[in-house]
Protein chains: 2
Amino acid sequence: MTQSKTDPRVLRTRRLIIDSFIELSAKKEFKDITVKDITTEAMINRATFYYHFEDIYDLLEKALSEVLLVNLNGDVYKYDKLNEEVFVSIFTAITNFQKSLSNRCHRGYEDTIARIIREQLEVIIYKMLVKQTTTVDKDSPKIHSIILSWGLYGASVEWKRMGMTIPPEKFIKSAIPYLLSGIELDSNN
Amino acid sequence: MTQSKTDPRVLRTRRLIIDSFIELSAKKEFKDITVKDITTEAMINRATFYYHFEDIYDLLEKALSEVLLVNLNGDVYKYDKLNEEVFVSIFTAITNFQKSLSNRCHRGYEDTIARIIREQLEVIIYKMLVKQTTTVDKDSPKIHSIILSWGLYGASVEWKRMGMTIPPEKFIKSAIPYLLSGIELDSNN
DNA sequence: TTCGATTTGTCGTTTATCCAACACTTTGAA
DNA sequence: TTCAAAGTGTTGGATAAACGACAAATCGAA
């Protein structure tokens, strides 16, 4: 399905780089991390880094995407439909991510990170919406996924601002009926 | 001093292979481990294995050497002289190794393993003897290291036979004066 | 024993990684 | 501001690793 035959060396090297980056992120801020730091930690050549990533922002983007997906880890894709359980699952993934970020002080890059998370969310939600959309309006899933991704991310920001103490599932619960009602317009069942 | 600039790729690959081998050794007997098993576990190509090792026995040899050296881990090389402390340290390393072997059932290859351990011991002891030898007799360190390596390994076999319960340092203690007396003939201080 | 299946070593070709060098930009301290 | 040091991104040539294929050896059950 995916790309079943990527060169093992590529997979290995990308893993080394991303893992090293995550490792380093725990120790210093993003702005203080250099490409050299990463390649040294990963024990690969600096030139090899550029073979795989545009630059350090490209790496940030891909690393974040991965971390986010790991958090969503199958929980979401098990179901094809956007129901209550899936919304809670997604929101919990985002808040988990927010928590790990707050430890790893990426101060000054919240905007970039926010954009990346939201874009990932949009893609994920869009895929699920398309599966269950039965109306003729093709643009509907697109705009819905945009609104939902911004909305869910915004909710997580507010959750963070309130001290990250409320259980995420409780926090999002009251919004679920509203979120679902809009979705149901797209599908018949 | 050693080989200061080996290609990082070979270090990485050797590490993957050796680690995978040690990993597999914990699960099955040596005779049931194939080259394919190792390379699959290490996620490297089978041909690459033969680029680094003669065959699986060559790997066994080098892996064992490394494990032994890790056990001796600097403890020995910190001192230049073969004194009581060093003897105890070496003997403890051997018994530790014997213990890990007994878990990892390499049944049927004890002889090979014994030989490898003993050869490593001989090299290590020889190096230390040369450093402190002041007599003109150049052959003396050689034969002494041979006898000591066989002797120490034999003691560890006996220790194992007795159930591996006696603290190694206690077990070897009574032999220390004897071992040292011979050494002192080589050096003046 | 015999025969099929698995494992072993080896080889030639392709590709990913290494390395040193390069010009350019950013940084930070004098 | 100025200048040296550090970081960035790119290149070409060298080399390790991947891959598929191969004959030969070994294994295991009929």
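All values derive from a computational prediction rather than experimental measurement. To find a chain, count down the sequence lines: A is the first, B the second, and so on, and within it residues start at 1.
Rounded to a whole Å, the OH atom of B:Tyr51 is 15 Å from the C1' atom of C:dT13. One atom, CD1 of A:Ile38, and another, C1' of D:dT8, lie 13 Å apart when rounded to the nearest Å. Going from atom CE of B:Met43 over to atom C1' of D:dC19 covers 17 Å, rounded to whole Å. One interatomic measurement links the two molecules: CZ of B:Phe53 to P of D:dA17, which rounds to 11 Å at whole-angstrom precision.
The ring-ring contact (aromatic ring centres under 6.0 Å, His included) search around B:Phe87 returns none, not counting sequence neighbours.
Put simply, the side chain of B:Ser89 never gets that close to the backbone of B:Glu85: no donor and acceptor are under 3.5 Å apart.
Between A:Arg12 and the phosphate of D:dA18, there is a side-chain N or O to OP1/OP2 separation shorter than 4.0 Å.
Inter-residue side-chain proximity for A:Ile18 and A:Phe53 is flagged as met; some heavy-atom pair is nearer than 4.5 Å.
Within the nucleic acid shown, B:Ile44 comes within 4.0 Å of sugar-phosphate atoms alone, with no base atom in reach, counting heavy atoms only.
Each end of the helix from C:dT1-D:dA30 to C:dA30-D:dT1 gets its own rotation axis from five pairs of C1' atoms, and the angle between them is 50° to the nearest 10 degrees.
Heavy-atom nearest nucleotides on DNA chain D were determined for A:Glu54 and for A:Asp7, and the one closer to the 5' end corresponds to A:Glu54.
Two rings, from B:Tyr57 and B:Phe30, have their centers less than 6.0 Å apart.
At a cut-off of 3.5 Å, with distance as the only test, no side-chain donor of A:Arg46 or A:Thr39 sits close to an acceptor on the other residue.
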For this session: Tell me, with the steps shown, if B:Leu59 and B:Asp55 meet side chain to side chain contact (heavy atoms under 4.5 Å, CB included).
Result: CA-CA 7 Å; B:Leu59 168 61; B:Asp55 52 28; over 6 Å; no

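Residue-to-nucleotide contacts include no donor-acceptor pair under 3.5 Å from the side chain of A:Arg9 to the base of C:dT17.
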